[in-house]
Protein chains: 2
Amino acid sequence: MSLEETTPRPAPRTARGARTRARLLQAAEDVFATVGYPDASIVRITELAGVALGTFYVHFTGKKEIFDEVVRDLSRRVRQAMSAASSAAPDRLQAEREGFRAFFAFTAEHPALYRIIRQAEFVSPEVMRRHYDDICSGYAAGLDAAMGRGEIRGLDPEVAAWALMGAGELIGMRWVLWEREGRIPEPVFEQLMALIEGALAPTPTTDGERT
Amino acid sequence: MSLEETTPRPAPRTARGARTRARLLQAAEDVFATVGYPDASIVRITELAGVALGTFYVHFTGKKEIFDEVVRDLSRRVRQAMSAASSAAPDRLQAEREGFRAFFAFTAEHPALYRIIRQAEFVSPEVMRRHYDDICSGYAAGLDAAMGRGEIRGLDPEVAAWALMGAGELIGMRWVLWEREGRIPEPVFEQLMALIEGALAPTPTTDGERT
DNA sequence: ACGAAACATGAATCACCTTTCATGTTGGCC
DNA sequence: GGCCAACATGAAAGGTGATTCATGTTTCGT
């Protein structure tokens with residue numbers, strides 16, 4: 001249960017330092033994703049990165065610090081991919097569509113995302129929570145705006161964001177990660193969209209359900 | 001990446017053996033849930049269980065075997081809780097309601113479920129997948145039946161089951177596990193139900209959407 | 001081109017963990 | 001009450017891996 005704040009190493013001051021650090025990060029991502037945190041050793045990471053064992057400690061204070069860094073990096077990348085994809089959409093439904101497509105595509109290309117985030121539960125609950133919070137707040141903001149425009153029904157954007165995020169997560173796990181195809185089957189995608197449409201549709205389906 | 005099939009130890013033949021084994025399982029659940037798989041050592045488990053180190057190997061072949069057993073046990077219990085709660089419901093919506101309520105209640109009482117299942121990703125992908133598959137198949141069957149009765153709209157029960165399962169999972173994580181209250185706030189629960197209702201409602205909200 | 005700071009190295013240290021095993025102890029059947 | 005299999009024990013063997021450090025090498029501002 002190490003809750004100690006490891007004071008992070010200062011950023012590299014030379015080009016060489018930056019290069020080595022980047023190599024270590026990339027190697028760490030690969031190792032964490034393939035063998036998992038428990039079996040990921042510093043030796044393995046440094047070997048894959050092609051640097052000496054001691055070099056690791058020049059750049060990181062320990063295994064947890066580099067793990068955190070890897071998570072933050074992946075998180076940033078997936079959010080960027082999703083928002084880039086959905087920002088051009090004309091309406092909310094279209095934005096959902098593009099956002100989810102981007103998410104599944106990212107998952108297909110970087111299975112490390114799932115595999116690593118799920119381990120963060122113990123390794124580093126703070127960064128894990130941060131990851132979900134970050135995705136969620138962008139998502140909730142989008143829903144909120146759409147609600148203002150009357151494109152979707154009135155609901156708590158935060159709850160909706162978490163629920164939809166969860167739906168996407170498990171669908172991605174089941175059909176992108178676990179299926180050999182490596183990309184989501186179109187019918188599954190359409191089904192998911194139909195569910196989302198139903199959930200967000202402006203007209204409440206049961207009559208007279210007002211707050 | 002140990003993929004070896006560890007031949008499991010035979011079941012205990014005396015009452016004492018069974019008792020010890022149970023103590024070890026309970027201790028393992030606690031340890032895995034509090035410190036996580038990487039930091040969970042056999043010593044820790046046996047100490048908590050109050051038995052000698054060597055005794056562990058009388059009952060289990062190693063760390064992975066007891067982990068698998070713990071996961072299977074938790075999985076069985078949560079499924080049992082959910083199906084017991086939802087089986088008496090008069091219709092599908094009510095069944096959803098009771099099922100989710102039971103799930104959140106179980107989560108509140110056994111945070112170990114989440115914490116442990118999420119680690120299974122690497123420790124033991126098979127049991128993890130089994131857990132989700134098991135929940136899902138029951139869920140999908142329920143949806144299928146409801147669809148036959150016309151209570152919910154026509155959709156792929158499997159996709160719907162995974163999507164809803166995911167929604168529940170993240171909502172539970174966010175509001176049961178992460179919030180100090182320890183139980184889901186009623187408004188959040190109602191919001192989730194509203195989303196589910198919308199997603200499953202028999203009348204497609206966008207007109208003329210027929211297959 | 002020089003020198004100080006930054007960086008890289010890998011052998012050595014240290015802490016801890018898994019697993020075995022020879023030896024006792026207990027449970028329950030006759 | 002006696003006996004055998006089942007069970008429990010904990011010391012010890014054998015590993016593994018994280019982290020340190022004294023020592024070289026490179027970078028870069030001047």
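So you know, we letter chains A, B, ... as the sequences are listed, proteins then strands, and number each from 1.
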* Taking for each residue the nucleotide of DNA chain D with the nearest heavy atom, is it B/Ala52 or A/Phe56 whose nucleotide lies nearer the 5' end? -> B/Ala52
* Length of the line joining A/Glu47:CD and D/dA18:P, which is rounded to integer Å -> 11 Å
* Asked: Within the pair A/Thr20 and C/dA8, is there a side-chain N or O less than 4.0 Å away from OP1 or OP2?
  -> yes
* To do: For this output row, return yes or no: ring centroids of B/Phe122 and A/Tyr37 closer than 6.0 angstrom.
  => no
* When the distance from CZ of A/Phe60 to C1' of C/dC7 is rounded to whole Å, what number comes out? -> 14 Å
* Asked: Can you tell which of D/dC7, D/dC28, C/dC17 lies closest to the side chain of B/Arg16?
  -> D/dC7
* Asked: A/Tyr132 versus A/Trp162: any side-chain heavy-atom pair under 4.5 Å?
  -> yes
* Asked: Hey, does A/Leu53 reach any base, or is it just sugar-phosphate, or nothing, if we go heavy atoms under 4.0 Å?
  -> base
* Measure the distance from CD1 on B/Ile42 to P on D/dA12 and round it to the nearest whole Å. => 21 Å
* Would B/Glu29 and B/Glu69 count as a side-chain contact (heavy atoms from CB on, under 4.5 Å) if you check the C-alpha gap in whole Å, the side-chain angles of each, and the deciding distance to 0.1 Å? -> CA-CA 10 Å; B/Glu29 182 180 318; B/Glu69 198 60 36; over 6 Å; no
* To do: Grab the CZ-P distance between A/Arg23 and C/dC7 for me, whole Å please.
  => 15 Å
* Separation of D/dA6 C1' from B/Arg9 CZ (nearest whole Å) -> 13 Å
* **Phosphate-side-chain proximity, B/His59 and D/dA6, N/O vs OP1/OP2 below 4.0 Å** => no
* Structure fact -> From CZ of B/Phe67 across to P of C/dT18 the rounded distance in Å is 15 Å
* Considering only C/dC7, C/dT20, D/dA6, which nucleotide approaches the side chain of B/Arg13 most closely? -> D/dA6
* Between B/Arg19 and B/Thr55, name the one whose nearest nucleotide on DNA chain C is closer to the 5' end. => B/Thr55
* Roughly how many Å is it from OH in A/Tyr57 to P in C/dA11, rounded to a whole number? -> 16 Å
* Asked: Is the distance between the ring centroids of A/Phe189 and A/Phe100 under 6.0 Å?
  -> no
* To do: Select base, sugar-phosphate, or nothing to describe what A/Ala40 touches, counting heavy atoms under 4.0 Å on all strands.
  => sugar-phosphate
* Separation of D/dG17 C1' from B/Asp39 CG (nearest whole Å) -> 13 Å
* To do: Would you mind telling me which of B/Ile184, B/Leu177, B/Val78 makes a side chain to side chain contact (heavy atoms under 4.5 Å, CB included) with B/Thr107?
  => B/Leu177
